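This report refers to the structure that appears directly beneath it.
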Number of protein chains: 2
Amino acid sequence: MPDATSKLKVAAEAPCEAPHLDGAASAARRQRLMTSPAVEALAETFRILGDPTRVRIIDVLASGELCVCDIAELVGMSESAVSHQLRLLRGMRLVRPRRSGRQVYYTLDDQHIIALFRQGLRHVLEERAGTRR
Amino acid sequence: MPDATSKLKVAAEAPCEAPHLDGAASAARRQRLMTSPAVEALAETFRILGDPTRVRIIDVLASGELCVCDIAELVGMSESAVSHQLRLLRGMRLVRPRRSGRQVYYTLDDQHIIALFRQGLRHVLEERAGTRR
DNA sequence: TGAACATATGAACAATCGCTCATATATTAC
DNA sequence: GTAATATATGAGCGATTGTTCATATGTTCA
């Protein structure tokens, strides 16, 4: 059962007086809702992916491991900026570091992310191509 | 060809002096990079999805059309806050409005989004379950 | 040891965010 | 027309963001 909104009365959710869901349909609907922790975690994941620099970092890592300075070069940002972003990505377990001498090599730590990118691009491309309606 | 970083010299990307990609591998890698517009568009999409309120809105719409006041009730936010967020989601063509009398009913405007959510949740769940390493 | 290099991190700052509140628009009923 | 309802939007404000710059940490080589 979701817990963020369940403090509200469960039966009728109707501040507007319209052809509404009846109590049963409404309750059924509430039960399908994601739990608060799931909502937070999902939003957090998308939030981390929602920045061009981080998208670029993940993109360059998609074809394999790279050290920080190469990432910085390829994405066209300072090494400091990249390092800060890598920390966030590490925190979300999206990338994983491997030290070798002075450099630290980063890899994608979850192949789901590549699938996520592809799925996201599918939406983006539909946007630009279609413009139906 | 990507255009944001291509102003930099294309051959060697090595401020650090390490066992590096050679020129050929580096060039090949550069060519696989997403274009800047694609990067921006993808990041923008994820950014819009990266907020708990918007995740909740999409979640409640996943089981079908709802008017604004019902959405507000189900996600536990003010109608004004929800309306502001719906505007963003509309702008990204993630939801679509349909007016019927005084109410405006919203639907998901792209089934890709549901797939994106599922894919995102797959990452999130792996996090919580595994904690390997 | 000390200098040079690669990366990480803290502080600071402008820019952006998501909310609230007040107000505007649109529709319905009278 | 006016009043009431449903939604949309602009202004404003505290909170968060992503960068830069300075500094700290960790590694290699002499």
Side-chain angles (χ1 to χ4, degrees), chain A residues 4 13-21 39-40 43-58 61 65-92 95-107, chain B residues 4 13-21 39-40 43-58 61 65-92 95-107:
Chain A
E13 93 280 343
C16 68
E17 37 177 63
H20 269 294
L21 302 172
V39 167
E40 301 290 333
E44 175 78 348
T45 295
F46 285 136
R47 190 178 63 79
I48 293 296
L49 297 177
D51 173 78
T53 299
R54 292 191 289 267
V55 166
R56 272 188 244 268
I57 291 174
I58 292 174
L61 291 181
E65 184 177 72
L66 280 177
C67 71
V68 176
C69 76
D70 283 350
I71 298 172
E73 255 290 318
L74 285 167
V75 309
M77 293 260 103
S78 77
E79 298 181 20
S80 179
V82 168
S83 190
H84 276 293
Q85 302 297 4
L86 284 170
R87 184 146 83 124
L88 289 183
L89 295 172
R90 245 188 293 134
M92 293 293 294
V95 303
R96 177 180 31 188
R98 172 181 75 83
R99 186 173 269 278
S100 167
R102 294 179 227 190
Q103 9 291 346
V104 176
Y105 291 87
Y106 280 87
T107 339
Chain B
E13 92 278 345
C16 69
E17 37 177 61
H20 267 296
L21 302 172
V39 166
E40 301 290 333
E44 175 78 348
T45 296
F46 284 135
R47 190 178 64 80
I48 293 296
L49 298 177
D51 173 77
T53 298
R54 291 191 290 266
V55 166
R56 272 187 242 270
I57 290 174
I58 292 173
L61 292 181
E65 183 177 71
L66 280 176
C67 71
V68 175
C69 77
D70 283 351
I71 297 172
E73 255 290 318
L74 284 166
V75 308
M77 294 261 105
S78 76
E79 297 181 21
S80 178
V82 167
S83 190
H84 276 293
Q85 302 298 3
L86 284 169
R87 184 146 81 126
L88 291 181
L89 295 172
R90 243 188 294 133
M92 293 293 293
V95 302
R96 177 181 30 185
R98 172 182 73 84
R99 186 172 270 280
S100 168
R102 294 179 227 190
Q103 6 296 341
V104 175
Y105 290 88
Y106 280 88
T107 338

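Every value quoted in this text rests on a predicted model; they were computed, and no experiment measured them. Every chain is numbered from 1 and lettered A, B, ... according to where its sequence line falls, protein lines coming before strand lines.
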Tell me the interatomic distance from A:Ile57, atom CD1, to D:dT19, atom C1', rounded to whole angstroms. 13 Å
Compare every heavy atom of A:Gly101 with every heavy atom of A:Arg99, then report the nearest pair and how far apart it is. NH1-O, 3.1 Å
Rounded to the nearest angstrom, tell me the gap between atom CZ in A:Arg90 and atom P in C:dT7. 12 Å
Could you tell me how far apart A:Leu49 (CG) and D:dG18 (P) are, to the nearest whole angstrom? 12 Å
Those residues that, when tested against A:Tyr106, pass ring pair (Phe, Tyr, Trp, His ring centres under 6.0 Å) (two or more places apart): none
B:Leu49 vs A:Leu49 side-chain heavy atoms within contact, under 4.5 Å: no
Residue met sooner reading DNA chain D from 5', once B:Arg87 and A:Arg99 are mapped to nucleotides: B:Arg87
Apply side-chain contact (heavy atoms from CB on, under 4.5 Å) to B:Glu44 and list each qualifying residue two or more places apart in sequence or on a separate chain. B:Arg47, B:Met92
Calculate the interatomic distance between A:Leu86 atom CG and D:dG18 atom P; express it in whole Å. 13 Å
Would you give a per-nucleotide map of nucleotides 17-24 of chain C, 5' to 3', where B means the base has a protein non-hydrogen atom under 4.0 Å away, S means only the sugar-phosphate does, and - means neither? SSSBBB--
Return no unless some side-chain N or O of A:Tyr106 is found under 4.0 Å from OP1 or OP2 of C:dA8. yes
Test side-chain hydrogen bond (donor to acceptor under 3.5 Å, both in side chains) applied to B:Arg98 - qualifying residues, sequence neighbours left out: B:Glu65
Kindly give the heavy-atom pair with the smallest separation between A:Ala43 and B:Pro52, and that separation in Å. CB-N, 3.5 Å
Where is the tightest heavy-atom contact between A:Val95 and A:Leu86, given as atom of each residue plus distance? CG2-O, 4.1 Å
So, do B:Asp51 and B:Gln85 sit near enough that their side-chain heavy atoms are less than 4.5 Å apart? yes
Separation of B:Leu61 CG from B:Leu74 CG (nearest 0.5 Å): 9.5 Å
Give me the distances for all protein-to-nucleotides 28-30 of chain D N/O pairs that come in under 3.5 Å?
from	atom 1	to	atom 2	distance (Å)
D:dT28	O4'	A:Arg102	NE	3.4

Any side-chain heavy-atom pair from B:Arg90 and B:Pro97 closer than 4.5 angstrom? yes
Starting at atom OH of A:Tyr105, determine the distance to atom P of C:dA8, rounded to an integer number of angstrom. 13 Å
D:dA4 C1' sits how many Å from B:Gln103 CD, rounded? 13 Å
Ignoring hydrogens and angles, tell me if any N or O in the side chain of A:Arg54 forms a donor-acceptor pair with the backbone of A:Ile48 under 3.5 Å. yes
Axis-to-axis angle for the helix from C:dT1-D:dA30 to C:dC30-D:dG1, ends of five pairs each, to 10°, equals 20°
Spacing between B:Glu40 atom CD and D:dG18 atom P, to the nearest angstrom: 13 Å
Whole-Å distance between D:dT17 P and A:Leu89 CG? 14 Å
